[in-house]
Each structure stands twice: as structure tokens, then as C-alpha cells.
Protein chains: 2
Amino acid sequence: MPAGKLHIVPLGGLGEFGMNCMALRWQDDIVVIDAGLMFPETELLGVDIVVPDITYLLENRQHVRAIVLTHGHEDHIGGLPWILSELNVPVYGTEFTLAYVEDKLEEHGLLEETRLHEIIPGERFRIGPFTINPIQVTHSLVDCVALAIHTPIGVVLHTGDFKVDPTPTDQRLFDLHTFAEYGKEGVLVLLQDSTNVERAGYTPSERAVRRKLDEVLARADKRVFIACFSSSIHRIKLALETAVEHGRKVALVGRSMTNSTEIAMDLGYLEAPEGTLIHPGEMRNLPPDKVCALISGTQGEPMSALSRAAVDNHKHARIEPGDTVVLSSRIIPGNEKSIYRMIDHLFRREAHVIYEDGSSPPVHVSGHASQEELKLIINLVKPRYFVPIHGEYRQLRRHCELAAGMHGAVGKVLQLESGDVLELDELGARKAGRVTVGRICIDSGSMGDVVEDIVIKDRRHLSEDGIVLPIITINKLSGRVEAVPEIVMRGFAGAGEDDGFHQQARSIILKTLEDSSPEEKADYGVIKEKIRQDLKRYINKNTARRPLIMPVILEI
Amino acid sequence: MPAGKLHIVPLGGLGEFGMNCMALRWQDDIVVIDAGLMFPETELLGVDIVVPDITYLLENRQHVRAIVLTHGHEDHIGGLPWILSELNVPVYGTEFTLAYVEDKLEEHGLLEETRLHEIIPGERFRIGPFTINPIQVTHSLVDCVALAIHTPIGVVLHTGDFKVDPTPTDQRLFDLHTFAEYGKEGVLVLLQDSTNVERAGYTPSERAVRRKLDEVLARADKRVFIACFSSSIHRIKLALETAVEHGRKVALVGRSMTNSTEIAMDLGYLEAPEGTLIHPGEMRNLPPDKVCALISGTQGEPMSALSRAAVDNHKHARIEPGDTVVLSSRIIPGNEKSIYRMIDHLFRREAHVIYEDGSSPPVHVSGHASQEELKLIINLVKPRYFVPIHGEYRQLRRHCELAAGMHGAVGKVLQLESGDVLELDELGARKAGRVTVGRICIDSGSMGDVVEDIVIKDRRHLSEDGIVLPIITINKLSGRVEAVPEIVMRGFAGAGEDDGFHQQARSIILKTLEDSSPEEKADYGVIKEKIRQDLKRYINKNTARRPLIMPVILEI
């Protein structure tokens, strides 16, 4: 065994939900696995996204050879623009993953200068001292891989995100054989996804949702709207197939849905028979029982197509009595209020609303492995060291407990957190200090349907751009704004009380409120986001600054 | 049938979660059923509780005869101090419900002037033209009743909150017989709890949790902390019994737990064998495997006993490696972040943490009826009109759909929302206009362990007392406060920039931060609440004002 030390350094995602990012280092060579973002906690008002602090990579910038991606979800690729703008290194990913990445980099004006390398499951490639073998796995997204990274002292197996789906809609099976072979040959470290470690049993196949969609479409005699995550290609495929079987044309509504579907069709992951797809504007010309819309916005995001449709504020998607709306998605903890508010709006319009309520067949299934699948992979791989990844502290801990109980299949179990350095050499494995990690808050420009070409802005420069707090008092009973909105500013130079700026900003808020329906005004999430966007547009245009804008609603 | 009109007027709880309150009116007589509060949405920062607008009752104050309570949960009695301070009418409730009410009224200095009437299941009483028969039902709390209200034109049956628990821990069974008799005699309107209408099947008995507690206590060889809602008397009873069986002494930790348990013991709903209960301070003197603590704070509330214990900030409850912590409670949507943060703190202290994760036997069961129980009651009661109560819009709608499918058991299904007037007479039932309803935000004084005798303050007077926004910037990486905190004030007269008040308030915030551990500082919920309380104390003392205090944390 060659002398030298292997460092495994999680930079995000171990002890927090999202922003998965990990560095592997052998001597003077570093390869980075995934570059994700996380969505901010509600306490962090006014922040769009959060990305990992990459001080460690910047301090070792001459050693960083590449970023290798396991799949195209935001919590694995969403931090790329931020990292690449600081560190121009080549990016490796599968065909589909790179298609998402291209889209994202183009938005941020980074596509030209980035070298992208397509990887193919089963075809090994070399980065410095590492030989990397991408292994096909199943997940809620398509074209996902685990990574077997051959280092001078052994193989590190990183599962990425996965479940063991025996019947994926694209028939590209989980490559259990390669996992088994590695297990026979010997694996130094297994890094395994912890997301669903709290769930007993097996996660159902993506195909399990088909029965529910079929049932819904068989019963519906008006229009059917199906919402799912725009990256759920399996789900979109099932929805498309089922809609066509039931004699419906399909419209794609919402930017992210359109975008994602286009990518999947271009690459052959999705097919629609000739004449199946229609423009959203055509929906009104067809009999209601001949139309199905795939629509963005499962989480009640204030500006999403479905949220707007739910309050009669979408050009093409109007909910009529008797229509059916299917939320084929998880109710993400923290989003309940806005999701249920949207569902209430839909029910008020006399739609049939189908959402995850524990009934069977399921309208949504998870993309992550449950306990029995996690155990299966551990049994196949039989690693010397086991380190759980992708999870909050409790999930990592429970994953450790699960693995520690598997005598004969696991050598030693180690719990790491973001920032811990795991050092491995011929003598064994140990924690060897910590590196700087943390969360960087980013205000990425408009979240709306229009993409603005805005360079990502680091919230660390807040002190330069200041903070703007519009304080709006709304009378809950009347829905009326009670007084002229107050605007409080701090550290926001160039905008004194008396220079007309305040006055102008106030009229903008008043106009936003005037243009909103009573239902929108009663929905704090929506009204705050509208005010934030309108004010941001005005301030950016007139001051070339990007202060943090945090609307405060007082109900009196 | 006598001429006249019966009005059923929901003032809260129909179309929103919590603040259940309903008026029943026959000519010039009004009786009010329940007077609940709701906990504010996270968007409403700085608000402690929300109560229903009772304009309708105040406009008819000479007609309001009484408030009748179905049971002692906050969403049914929590608004009482607010309503009684505006409207001094007699309050009717069962023995246990009144004990909670007394406690609450005493806190607010309203006990002396309020007339309380105890009601007993099965013993009818008269209020104006109404004869009311309280019927014993089962729920997560004890001594709960449904109300059969005999009006001149028929019986209105209000279920209160219930489940059909065939094996309640107090052996006081659900009075199915009386429901059956009313069904035979004929019921005009059934008003039924909708909370769990989305759940198929039956809700398990309270007793189902016993197996889990038994399993946990059998395995534990260190201290065991059991957290549950302080009003879960059945749960406390099971925990006490099981702990004693396993040879442990029991300490009550946390004000609400102590309070609630004392009330239940005084009234004979709970018993502890001589010598079982110990003072929390004695825990440290006993061997760890001889101690069990019942502790408040299942929802990660920043100031609760368990949250504080989880960061080594509780005098008596210290978590040691190997201790077991049981969260025998629901993870209420919206609270996930703070609950899981607390669980992470506990895991870091190497505690075994048992929480609701879908495994069996359950560590928590719901107190509300699932679909089969709802159908059972409808079958027994066979009402002419069915109106779902206690639920958000989607739940009421689904409850309507459930009932509408029960041909032969239900005459007509009607969906009401808070503010709708349902008018009934010899010709039938119809919606007859609306009354004023809404939500009143209240800042009720300190939420901490020390009860301050503070009169409830209506947030409608905000304009008088103003708003204070302390803006604190914390460096996420270092946990350090970055600069002198900013304090923004509006409409808060008597506190100019230069009178030392600002300076003083700033030092208070700095002191609060200094006195907090790094873990507390990393937990925005905790740190905000601490700053809010300390600042409030200072402002109340020095200005006799009660502005809205909304700490804003910026992470940079």
C-alpha cells in the first residue's frame, strides 16, 4: 500500500439538509463530489438560496482538479454557479445531469468558460490519482450515478442519492452487479445517503404512482392538472403516458416544467406521440375532458404557475368547477401552510384535489432508499469503513446505529459532520481536525418566471448594500392597508428620507397591493414575495444596489 | 313546531386551525360553545396568540346567556380571558375543564368576577330556551363532552373534539348509547369534528402507546425523560404507571407539566403511589436507572424545559450519555425545524431519542376520530343536516364529501365557514348572510416559566404602542455578533435616538447574547425569543408601553 494520506472532507450536507458537497484529497490532488444548494430556513427572510462555504477549496485552489456530479437535483448541482465563479474547474456528469447544468450556467453567464465532461455509467475516467467508475443507480430523477473512486489506498464508494427501484420507468436498472463486485474485491469506505434512514421497509417503485394517476384520469370528466417536481422525469413520463392513454392532449404550464420536459425530450428520456403536446393557450379550445396539464408549483411557492392558477391569476391555467388537481409530490416540512392554503383555494373553486394523505395507491413516492435498501447495499458492499452522508445530525446518527448493528458486513462506523476531516492511510482511519465550513446566503435575483441575467451575489457583502424593511399594516377584517407603508433602511447609502426615494418606494408598495386580489392579500407569503420583487426591481434599477429586502406584514 | 328561527353562527375554527368558537341563537337568546385560541402563523412575528373577533357577540351583548365548553384544550378555552374581559357571562364546563379554566382566569385576574358552573355528563341543564345534555366522549384529554342542545325546533348535536376510544385509560367510555338514542329520536343538525377526516380507518386507542413506553423503559439503563403535551392526561397516566412498574421514581419538570399534573391529581384523574413523585432537584441523588422525568416541551419551544435541557441550560434536567428521551407527541406541522434541532442537540449528547417516525408500536396516537369513527357517529346520529366543524377549508370539504356519500344516514350536507349564518326554521335550512369574524392578535406577556400578571393586550392598539425591531447580525462561522445591534423603532413615542434609551436597549441585547451558549446563538428561534423577552421586560418597566418587538437576525 503506497504511503500517503487520503482525506475525505464533507463541505456540506452532513448535519444539515441540502447543499451536498464533499472533497476527496490524495496528497496534492482534490476532487469535489457534488456542489449543491439548500433552501433557506424561514427565519432567514429575504434570502433566496444558501450555498456551502468553500474556503477550503479556495485555500487549495491550485490542487482542485474537478467537480464530479452524481445527479441533477438542486441540492447536488445548485451551488455550481457560485463555486465556478470562484473556481474555474472542469465539471463531470452524466448526459442528463450536464443538460441541467448547462441550462443553469447559461442563466448565470458561466457556460462559455466552463469545461463540461460527459460521463457514462460503467466507463471509468481518471482525475489525477483517482480513477472513477460511475455506477448506474435509480432515484426520482433519471441518469443518476453512484461513484466508485479508486484511490491509491482503496476504493471509496459514494452512493449519491438513490433508491433501489426494481421497475424504473426508463428500464435502466440499478446496477446491483457492480456493487456486488466491489464488495467482493473490497471497499475501503462506503458513503451512503441517509435521507430516509428513519423509514422502515422498502421505498415503493416510481411506477407505484401509475395506478393512482390511472384511477384519477379514469374518473375525471373535466380538465386534469398534474403537478410534480419539474425534475421528476419518471413522474412526468407516467403522467404523459397515462394522459395519452385516456385520450387527452397535454399542455406544459410553468417555466420549470416546460424547461425540464424539453431537456428530457431532447435527450430521449421522454417521448410524446405526435400531436399530443399542445400550447397552454390551446387548452380553452378543447373539450375539458380532452385536456391534461402538467404544471409547476407543488409547494405553494407564491409565484409558481399552480399557486397563481389557484387564485385565478394565471393566463392559461384557470381552475373551473369539477376540474381535478393532482399534487404528485411530497409536502416538504415547513411548506405545509402555503401548500394547504393553495389546496384550500383550489377546493373553493370546486376542484377535486388529490394530494398525499396516506391513502393507497400513493400519489407520490420517495426517491430515497428506506432501511431495507440501505441494508441491502451495505450487505453488497461490505465496507471496511462506513460513513453516512446526506442528512441532518439525527439521521446520520440513526444511520450509524443501523450500520453498527450489521456485524460481518461493516468494519467500523464513523460519524462525520460537515467540516470534519477523515484521514485514511495504511494504519487506519481517524478524524484529523476540521476545515472552515458554513452557509453563504445568496440573493439570486428574481424568483419569478422571467429569468434575469444577474450575477449571484454573496450576502457577505450585506454591509455594503444594506437592508430595506418595508413595513405594511393590513387590516385583517377589511383586507385594507391601514396606513402609508413605512420603509426602514439601514446601511443603504444614497437614499435619504427626503430625496423622493422613500416616497417612490412607498407608491410602489401601494401599487403592488392595489394590483393584488383580496385572496392574495390574505396570503402573507404571496404578498411579501410580490412586494419584495417589485421593490427589488425598482431599487436595482435606480440605485444599482442590491440590499436585503425583507417585507414585514403587521396584521392589525 | 314553534315559529322562530335558529341561527348557528361559527365565529372561529371553520376554515382555520384552532380558535374554535360558535354561537347558537334562538330569537333573543345566544349561547356560545367554546372560546378557543390559535397559535399564530410564523409570518406573524412577535404575536403570542390569536383569538377570534367577537364583534357579533359584543353587538348582541344583552342576548348572550353563557359560554359552554366541550373540553379543556387551548383551542377551545384559550380565548376565554379575552372574551370574558369584554363580556362577563357565566361559563359552563365539566369538573376537569373548569379546573383548567380557573387556573387560566386566575392568571389574568378574572377568576373572582366570573361565574363558573360545573356540568356533569348525562345531567341536563337549561340556558334560556336551550336544554343542554352533555354527553361523555373520549379524546386525548379527560372529562370531554359532546353537547346535545335541545332547541325549540330540534336537537343540535355538537361533537366537540373526540375519538371513539374503546379502551380509555380512565375507563370512562364514549357514551355511544346516548348518541344512538338521539339518532332514534331524530337530530336536526350534527356538527362534527373534522380534524382527522383525511385519515382512513380508526384512530388507535390512547392505550396503544403503553407498549412502546414499556419497551423503552425495559431497555433503558440510565435516566428516561418522557415529554408529552401537558394536557395529555391519559399519556401522563400511562407514563407514570409504566415508570413505577419499572421501579423508577418520577419527577415533573417544567411549569405546564407540573401544573397540569397537579390539577389532575387533585381531581383524582391521576394517582401516584406514595413516595413515587420526587422533586426534580432529587434526580441527581438517585441512581440513573431509578429515575424517570415527565418533562414539558414537545414542540421545541425555545423556552420549554426540554429545549433548555437539550442545550445544558436547565437546572435539574441534564442530559447525560446513555439517557433516553421520549417525545410522546405529534410533530406539529410548522414546528419541524425547531423539534428536529432539539432532537439533534439530544443526539449530540448521546441520548437515545425516541420520536414519532412511523414505527410500531406507536409512541404517539392522535386524539381525533378517523374516517371510520366519523362514519360510525353519523350512522348513529342520522342527522337531517350535517355540518362539519373544526378544520381548514379542505378538511371541511372532505368531511362534506364523506357525509354526502352516506345515503340513508344524512339528510343534507352543508359547508359553513366562520362568519356564515346558518338559519333553520320549520321550512328548512339556509345560509342567511354573514357576521363579522376575524383574528385578533394578542401579545399576552412573557411566555417563559414565570407567570406575569399581565392583562391581555389587544394588538389593535398597536398604533399607540408602536413597533421595535432589534436587528442583530451574527457571523455564522464564528457565532459572533458582528456589530452593535441596530434598533429600529416606529410609532414608539418617548424614546428618541439620543435619550440613552437606544444605548440601553443595545446593551441589553448584547448582554443577552453574551449570556447565551454557541448552540443557543446558532438557533434563531431561541435567540430571538430570548432577546424579545429581555427587551420587553426592559421596555415595559421603563416606559410602561408594550410595543410589538420583532427581533430580526441577519446571518452574514
Side-chain angles (χ1 to χ4, degrees), chain A residues 15 41-47 53 55 198-200 331 333-334 336-337 340-341 343-348 353 355 357-360 392-394 397-398 436-441 459-463 467 469 471 473 476-477 482-483 486 488 490-491 524-525 528 548 550 552-556, chain B residues 15 41-47 53 55 198-200 331 333-334 336-337 340-341 343-348 353 355 357-360 392-394 396-398 436-441 459-460 462-463 467 469 471 473 476-477 482-483 486 488 490-491 524-525 528 548 550 552-556:
Chain A
E41 300 180 46
T42 46
E43 281 106 336
L44 281 173
L45 298 162
V47 168
D53 188 312
T55 301
E198 292 165 306
R199 289 204 204 174
I331 294 175
E336 292 91 349
K337 284 265 175 197
Y340 284 131
R341 239 184 248 146
I343 292 177
D344 281 352
H345 291 319
L346 294 168
F347 269 124
R348 271 176 220 279
V353 190
Y355 51 97
D357 63 357
S359 66
S360 183
E392 299 189 8
Y393 191 91
R394 75 179 192 287
R397 173 61 66 100
R398 291 193 62 168
T436 300
V437 288
R439 297 185 286 168
I440 309 293
C441 302
R459 187 40 56 76
R460 279 196 281 200
H461 304 142
L462 179 71
S463 45
I467 172 170
L469 299 174
I471 303 176
T473 50
K476 178 72 186 175
L477 307 184
E482 282 294 307
E486 284 280 356
V488 174
R490 275 297 175 273
Y524 307 123
K528 274 182 177 170
L548 175 64
M550 286 184 29
V552 173
I553 305 236
L554 296 181
E555 201 179 60
I556 64 170
Chain B
E41 301 180 47
T42 46
E43 282 106 335
L44 281 173
L45 298 161
V47 167
D53 188 312
T55 301
E198 293 166 306
R199 291 204 201 173
I331 294 175
E336 292 91 350
K337 284 265 174 198
Y340 285 130
R341 238 185 248 146
I343 291 177
D344 281 353
H345 291 319
L346 294 168
F347 269 123
R348 272 176 219 278
V353 191
Y355 51 97
D357 63 357
S359 66
S360 181
E392 298 189 8
Y393 191 91
R394 75 178 191 288
L396 301 180
R397 175 59 67 100
R398 290 191 62 168
T436 300
V437 288
R439 298 185 287 167
I440 308 294
C441 302
R459 186 41 54 76
R460 281 197 279 201
L462 179 70
S463 47
I467 171 171
L469 300 174
I471 303 177
T473 51
K476 179 72 187 179
L477 308 185
E482 283 294 306
E486 286 279 356
V488 174
R490 277 295 177 274
Y524 307 123
K528 274 182 177 170
L548 176 64
M550 286 184 29
V552 173
I553 305 235
L554 296 182
E555 201 179 60
I556 63 171

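- For the pair B:Val353 and A:Arg394, the minimum side-chain heavy-atom distance is 4.5 Å or more.
- Contact of the A:Glu336 side chain with the B:Glu336 side chain is registered, since non-hydrogen atoms from C-beta on lie closer than 4.5 Å.
- Partners of A:Tyr355 under the side-chain hydrogen bond (donor to acceptor under 3.5 Å, both in side chains) rule, at least two apart in sequence or in another chain, are B:Glu198, B:Arg398.
- Distance alone, capped at 3.5 Å, is enough to place a donor-acceptor pair between the B:Arg397 side chain and the A:Phe347 backbone.
- For B:Arg199, there are no salt bridge (Lys or Arg N to Asp or Glu O under 4.0 Å) partners, not counting sequence neighbours.
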